[in-house]
Participant: 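Got a structure for you, questions after.
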Protein chains: 2
Amino acid sequence: MVRKTKEEAAATRDQLLDSAESVFFDKGFANTTLMDVANHAGLTRGAIYWHFKNKHDLFEAMIERVHLPIEALAEACADENETDPLGKFKEFSVQLIRLIATDKRQQRVFSIMLHKFEFNGDVTQIEDRQKVSFVECHDRIKRTLKNAIKRGQLPKDLDLDQAAQVKHGYFTGIVNNWLFYPQSFDLNAMAETIVENYFFLLTNSPHMRLSQQQAVA
Amino acid sequence: MVRKTKEEAAATRDQLLDSAESVFFDKGFANTTLMDVANHAGLTRGAIYWHFKNKHDLFEAMIERVHLPIEALAEACADENETDPLGKFKEFSVQLIRLIATDKRQQRVFSIMLHKFEFNGDVTQIEDRQKVSFVECHDRIKRTLKNAIKRGQLPKDLDLDQAAQVKHGYFTGIVNNWLFYPQSFDLNAMAETIVENYFFLLTNSPHMRLSQQQAVA
DNA sequence: AGAATAAAACATTCATGCATGTATGTAAAA
DNA sequence: TTTTACATACATGCATGAATGTTTTATTCT
């Protein structure tokens with residue numbers, strides 16, 4: 001039983017990615033063998049080396065599979081022509097938290113990224129990719145907030161950079177903690193409150209505004 | 001040149017811990033060899049196996065060295081007899097961020113914990129230790145806030161659990177992001193603003209309060 | 001249309017290197 | 001003389017990557 005058709009081959013590839021998610025989540029990235037992944041899929045290492053260049057290539061493919069659709073959603077919030085950027089942003093933020101809180105696949109992949117994978121000196125490709133996402137995310141938030149200011153939804157002297165930094169840190173921090181210790185609180189139930197608190201800061205906190213000197217400069 | 005005196009042996013142990021910090025930070029935990037650590041210290045693996053049980057034991061010792069003093073400071077904030085718990089808490093929070101922002105050793109160790117080490121199924125000891133710290137930290141924050149409420153520094157209907165969760169997530173999230181990408185913003189400069197924003201939420205955000213039903217129950 | 005050929009989609013086998021743990025050696029301190 | 005504080009040497013296992021094998025599908029030639 002070799003040489004499947006194109007669709008069967010694609011299914012095999014997905015199987016391998018599913019296995020990678022499962023095994024990386026259970027054993028951690030560095031600690032899992034490609035044989036582990038292959039066995040879990042009922043295949044051999046030969047299949048992995050056919051579909052992917054190596055272990056890191058497999059990892060990147062696994063990340064991309066869940067990362068791309070989320071990025072598309074986030075990008076929609078940052079659209080200049082969006083007439084309710086703040087509302088859209090708020091809605092997206094709650095949805096994303098809820099998604100992570102309920103979808104097993106998202107939980108596994110995010111958990112792997114945050115707690116079951118380590119950055120080491122020689123594999124800069126993955127770290128670089130993460131940094132690009134990091135910067136893009138920060139930029140997207142800033143564009144969204146800028147549009148919200150333009151449309152009078154947020155104060156004009158809002159410190160955009162800080163607001164973006166706080167949003168990114170605050171949200172990922174809470175998700176990070178929950179993924180590390182899911183029993184510690186109910187993420188799904190807290191989703192709205194978490195988001196509301198951030199937007200409360202945006203509109204009300206004097207510490208989120210540009211200082212006089214910064215505003216002048 | 002063997003058989004040093006007690007003090008020299010202790011110095012060797014510290015050297016090994018220093019090397020571990022440096023090499024783990026550069027190459028990641030899983031990717032570094034005990035020979036790497038030994039070589040960096042100008043010693044051999046024999047020295048490591050004398051002072052530590054194995055690689056994980058070395059790791060835990062490295063963590064404890066920076067963890068213990070910080071925990072002691074945090075515990076002081078949670079003291080019931082503290083007359084200004086909120087002020088102490090705020091001061092400590094700023095100091096901790098500043099410490100991480102300026103002290104190279106703290107940066108390395110925290111960075112290793114957050115980005116250069118992964119949890120794998122078989123080594124539950126380290127993960128369990130982290131979870132204990134996690135719960136202790138959460139409990140400490142709650143005790144501190146409770147004392148602050150008792151002394152009229154915070155509203156009585158503050159949602160303690162949520163406030164603790166937000167604090168932990170928000171702070172570690174921002175530090176996490178900065179350690180991952182230090183060039184992205186100036187953590188030291190932002191320290192006070194970060195903290196002020198959290199305390200603004202504590203005293204002003206309606207979403208940080210217990211809902212009527214929760215308050216009754 | 002049927003045969004021949006190529007190429008896809010894996011499985012199997014092989015060679016290599018390297019990290020770990022342990023066992024043993026050794027010199028100085030107690 | 002024993003024990004400490006390491007260094008050196010050894011045995012083991014295992015994961016990787018590449019090489020080769022195998023079968024079926026797709027393509028081309030006649």
Participant: In whole angstrom, what separates A/Gln15's CD from C/dA11's P?
Facilitator: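 These atoms are roughly 10 Å apart.
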Participant: Let me know the distance between CD of A/Glu7 and P of D/dT24, rounded to the nearest Å.
Facilitator: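 The answer, rounded to whole Å, is 18 Å.
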Participant: Using atom CZ of B/Phe52 as one end and atom C1' of C/dT20 as the other, report the distance to the nearest whole Å.
Facilitator: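 After rounding, the reported distance stands at 17 Å.
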Participant: In whole angstrom, what separates B/Leu43's CG from D/dT8's C1'?
Facilitator: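 So the two atoms are 14 Å apart, to the nearest Å.
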Participant: Rounded to the nearest Å, what distance is computed from the CG atom of residue B/Asp57 to the P atom of nucleotide C/dT20?
Facilitator: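 Interatomic distance, CG of B/Asp57 to P of C/dT20: 14 Å.
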Participant: Going by distance alone, is a donor N or O of one side chain under 3.5 Å from an acceptor N or O of the other, for B/His56 and B/Gln125?
Facilitator: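 Judged by distance alone, the side chains do not pair up.
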Participant: Rounded to the nearest Å, what distance is computed from the CG atom of residue A/Leu16 to the P atom of nucleotide C/dA9?
Facilitator: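 These atoms are roughly 13 Å apart.
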Participant: Counting neighbours of NZ on A/Lys53 that are heavy atoms of other residues, nucleotides or ligands and sit closer than 6.0 Å, is the number greater than 12?
Facilitator: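 Counting other residues, nucleotides and ligands, NZ of A/Lys53 stays at 12 neighbours or fewer.
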Participant: Rounded to the nearest 0.5 Å, what's the gap from CZ on B/Phe25 to CE on B/Met62? Could you check?
Facilitator: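 The CE atom of B/Met62 is 11.5 Å from CZ of B/Phe25, to the nearest 0.5 Å.
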Participant: For B/Ile48 and C/dT22, give me the distance from atom CD1 to atom P, rounded to whole Å.
Facilitator: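 For the pair B/Ile48 CD1 and C/dT22 P, the rounded distance is 15 Å.
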Participant: Of the nucleotides D/dA7, D/dA5, C/dA9, which has the atom closest to the B/Trp50 side chain?
Facilitator: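 Of all the options, the side chain of B/Trp50 is nearest to D/dA5.
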Participant: Which listed nucleotide (D/dA7, C/dA30, C/dA11) is nearest to the side chain of B/Thr5?
Facilitator: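 Looking only at side-chain atoms, B/Thr5 lies closest to C/dA30.
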Participant: Does a side-chain N or O from A/Thr12 land closer than 4.0 Å to OP1 or OP2 of C/dC10, or not?
Facilitator: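 Yes.
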Participant: Measure from NZ or CZ of A/Lys167 to the centre of the six-membered ring of A/Phe89 and say whether it is under 6.0 Å with the direction within 45° of the ring axis.
Facilitator: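 Output yes; distance and angle both within limits.
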Participant: Hey, does the side chain of B/His51 come within less than 4.0 Å of D/dA5's phosphate (OP1/OP2), counting only N and O?
Facilitator: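 No, no such contact exists.
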Participant: Hey, are B/His115 and B/Asn176 close enough side-chain-wise for a donor-acceptor pair under 3.5 Å?
Facilitator: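 Distance-only check passes for B/Asn176 and B/His115.
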Participant: How many angstroms lie between OG1 in B/Thr124 and CD in B/Gln130, if you round to the nearest 0.5 Å?
Facilitator: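 The OG1 atom of B/Thr124 sits 13.0 Å away from the CD atom of B/Gln130.
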Participant: Output the rounded distance in Å from NZ (B/Lys6) to C1' (D/dC6).
Facilitator: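 Those two atoms, NZ and C1', are 15 Å apart.
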Participant: Would you mind telling me which residue lines up with the more 5' stretch of DNA chain D, B/Arg13 or A/Gly46, judged by nearest nucleotide?
Facilitator: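 Residue closer to the 5' terminus by nearest nucleotide: B/Arg13.
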Participant: With rounding to the nearest 0.5 angstrom, report the CZ to OG distance, B/Phe199 to A/Ser205.
Facilitator: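 Between atom CZ of B/Phe199 and atom OG of A/Ser205 there are 13.0 Å.
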Participant: Can you give me the dot-bracket string for DNA chain C, 5' to 3', counting Watson-Crick and G-U wobble pairs with both distances under 3.5 Å, using [ ] for crossing pairs and | for partners on another strand?
Facilitator: ||||||||||||||||||||||||||||||
Participant: Look at A/Lys146 together with A/Glu80 and state whether they make a salt bridge at an N to O cut-off of under 4.0 Å.
Facilitator: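 A/Glu80 and A/Lys146: not salt-bridged.
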Participant: Pull out every protein N or O sitting under 3.5 Å from an N or O of nucleotides 13-17 of chain D, one pair per line with the distance.
Facilitator:
from	atom 1	to	atom 2	distance (Å)
D/dA15	OP1	A/Thr33	OG1	3.4
D/dA15	O5'	A/Thr33	OG1	2.9
D/dT16	OP2	A/Leu34	N	3.1
D/dG17	OP2	A/Tyr49	OH	2.5
D/dG17	N7	A/Arg45	NH2	2.3
D/dG17	O6	A/Arg45	NH1	3.4
D/dG17	O6	A/Arg45	NH2	3.0

Participant: State whether A/Phe29 and A/Lys55 meet the cation-pi test: NZ (Lys) or CZ (Arg) under 6.0 Å from the six-membered ring centroid, and within 45° of the perpendicular axis.
Facilitator: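 A/Lys55 over A/Phe29 ring: yes.
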